[in-house]
Amino acid sequence: MTTVDIAAAAPGLHRSWRAVRIVPMIESAYRARLVLAPLMLAIQIFLYYRLWLAVYANTSTVAGLNVRQVLTYSTIALLVARIRWSARGWSRDSIASRVREGTIIYLFLRPVSARRYTGIRALGEMGYGGMWALGGFAVMVGTGAIDPPGSPGAGAVFLVSVLLGQTILFLLSQCVELSVFWFGKNAYTERLYYFAQDLLAGVFVPLWFLPDWLFTAARYSPFGSAINVPLSLYIERIPLRDAPRELLLQLGWVAALWVLNAYVWRRASRRVQVQGG
C-alpha cells in the first residue's frame with residue numbers, strides 16, 4: 001500500500017475508530033454502571049451456581065450432563081450473554097432513541113451508511129462486553145469454579161463458534177431494533193425478543209434439559225446456534241469431530257440473516273420518520 005493509499009484510507013479509519021469507541025464511552029459516562037454491571041453478573045453467576053449444586057445434590061447425571069458440565073455451561077452462558085448486554089440498555093445512540101428524539105435523519109446523512117455505522121458500533125460494543133466476559137471467565141477458571149476447555153482444539157473451535165454466534169445475535173437484534181420504523185415504539189418487542197433469545201439459546205437453562213420438541217426447535221434455531229452450540233462444543237457434549245457440521249450451521253444462519261438484515265435496512269430507509277426534534 002502506497003503513502004497515497006494510506007492517506008486516502010485514513011479518514012475512513014478515523015471515522016470507524018470513532019464509531020467503535022461509542023459504546024465504551026457511553027458506559028464509562030455512567031459510572032454507576034461500571035460497578036452495577038459486574039456486581040449483577042457476579043450475583044447471577046453465584047445464584048445459578050448454587051441452584052445447580054442443589055439440583056445435583058442427590059444425583060450425578062441429569063440429561064446426560066454431570067454437575068461440572070452444567071456449572072461450566074451455565075456460567076459461560078451468562079458470560080457470553082454479557083458480551084452484548086449493553087445493547088439491551090437505554091442508549092441515546094440507539095435507533096429507537098433517535099426516532100423518538102427526531103435525530104434519526106442524521107444517521108442517513110453521514111458519509112458512512114447507517115447499516116455500516118451500526119455494524120462498526122457493534123464491534124466496539126462486543127469488544128467492550130467481551131473484555132468483561134473474558135475477565136469473568138479467567139476468574140472462574142482460575143479459581144477452579146468451572147473447567148477449562150478439554151483440549152486446545154476445543155478451545156479454538158469454541159472461540160470461532162462464539163464469534164459466529166455473536167454475529168448471529170447482532171443480526172437478529174438489529175432486525176428487531178429496526179421494527180421501530182413500523183411500530184413507532186419497540187420496547188415490548190425487544191423485551192419479548194430478549195426473553196426468547198435467553199430461553200432458546202440456553203442462557204436460562206441448558207437446552208439439554210428442555211422437552212424433546214422444544215429442544216429440537218431451539219437446537220436448530222438461530223438462538224441455539226448462537227450460544228448453545230459453542231457451549232456444547234466447550235463441554236464436549238457435542239464431540240469435536242462434529243464441529244465442522246455445527247460451524248456450517250452457524251455460517252448458514254449468518255448468511256441468511258445477513259440477507260434478511262440488508263432487506264430490512266432497505267425497507268426501513270424508506271420509512272424514516274421523525275417523532276421529536
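Computed from a predicted structure; not experimentally measured.
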Would you check, one step at a time, whether the test side chain to side chain contact (heavy atoms under 4.5 Å, CB included) holds for Leu172 with Phe223? CA-CA 9 Å; Leu172 278 171; Phe223 300 113; 3.9 Å; yes
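- In this structure, the side chain of Thr143 engages the main chain of Val139 through a donor-acceptor pair within 3.5 Å.
- Nearest heavy atoms, Gln69 versus Ile235: NE2-O, 3.2 Å.
- Taken to the nearest 0.5 Å, the CG atom of Leu79 stands 6.5 Å off from the CD1 atom of Ile146.
- In this structure, OG in Ser74 is found 7.5 Å from CZ in Phe209, a value given to the nearest 0.5 Å.
- Hydrophobic clustering (ILVMFWY, side-chain heavy atoms < 4.5 Å, transitive): Trp265 and Trp258 are in one cluster.
- Here CG of Leu249 is found 7.5 Å from CD1 of Ile168. Values are rounded to the nearest 0.5 Å.
- For Tyr263, the side-chain contact (heavy atoms from CB on, under 4.5 Å) criterion is met by Arg266, Arg267, not counting sequence neighbours.
- The CG atom of Leu199 lies 6.5 Å from the CG atom of Leu210; values are rounded to the nearest 0.5 Å.
- The backbone N or O of Val62 lies less than 3.5 Å from no partner atom in the side chain of Trp208, so there is not a single donor-acceptor pair.
- For Phe195 and Phe204, the distance between ring centers is under 6.0 angstrom.
- Using a 4.5 Å heavy-atom threshold, the side chains of Gln166 and Val80 count as touching.
- Among all heavy-atom pairs drawn from Arg84 and Leu169, the shortest one is NH1-O, 3.8 Å.
- Clustering ILVMFWY residues whenever any of their side-chain heavy atoms sit less than 4.5 angstrom apart, transitively, puts Trp213 in the very cluster that holds Val205.
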Working note: Glu246 + Ser161, criterion side-chain hydrogen bond (donor to acceptor under 3.5 Å, both in side chains); need CA distance, chi angles, decisive distance, verdict. CA-CA 8 Å; Glu246 302 300 329; Ser161 187; over 6 Å; no
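- Not counting sequence neighbours, the partners of Leu53 by the side-chain contact (heavy atoms from CB on, under 4.5 Å) test are Tyr49, Arg50, Val67, Leu71.
- For an aromatic pair to be called close, the ring centres must be under 6.0 Å apart, and Tyr73 with Trp52 fails this.
- Here Phe170 contributes atom CZ and Thr167 contributes atom OG1; the two are 9.0 Å apart, rounded to the nearest 0.5 Å.
- The nearest pair of heavy atoms linking Leu164 to Val254 is O-CG2, 4.0 Å.
- Of all the heavy atoms in Cys175 and Val264, the pair that sits closest is SG-CG2, 4.3 Å.
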Check the pair Tyr48 / Leu78 against side chain to side chain contact (heavy atoms under 4.5 Å, CB included), numbers first and verdict last. CA-CA 9 Å; Tyr48 269 72; Leu78 290 172; 4.1 Å; yes
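- Residue Val229 is grouped with residue Tyr220 when hydrophobic side chains (ILVMFWY) are merged at heavy-atom distances under 4.5 angstrom, including chains of intermediate members.
- The shortest heavy-atom contact between Arg115 and Ala262 is NH1-CB, 3.4 Å.
- Looking at Trp253 and Leu171, their side chains never come closer than 4.5 Å, going by heavy atoms from C-beta outward.
- Between the side chain of Thr72 and the backbone N or O of Asp147 there is at least one donor-acceptor pair closer than 3.5 Å.
- Under a hydrophobic clustering in which Ile, Leu, Val, Met, Phe, Trp and Tyr are joined whenever their side-chain heavy atoms come within less than 4.5 Å, directly or via other members, Met126 and Leu163 fall into different clusters.
- Atoms CG and OG1, on Leu178 and Thr118 in that order, are 7.5 Å from each other to the nearest 0.5 Å.
- Counted by atom type alone, Tyr194 and Glu190 present zero donor-acceptor pairs between their side chains at under 3.5 Å.
- Under the 4.5 Å side-chain contact rule for hydrophobic residues, Leu51 and Leu65 share a cluster.
- Closest heavy-atom contact between Phe158 and Ile76: CZ-CG2, 3.8 Å.
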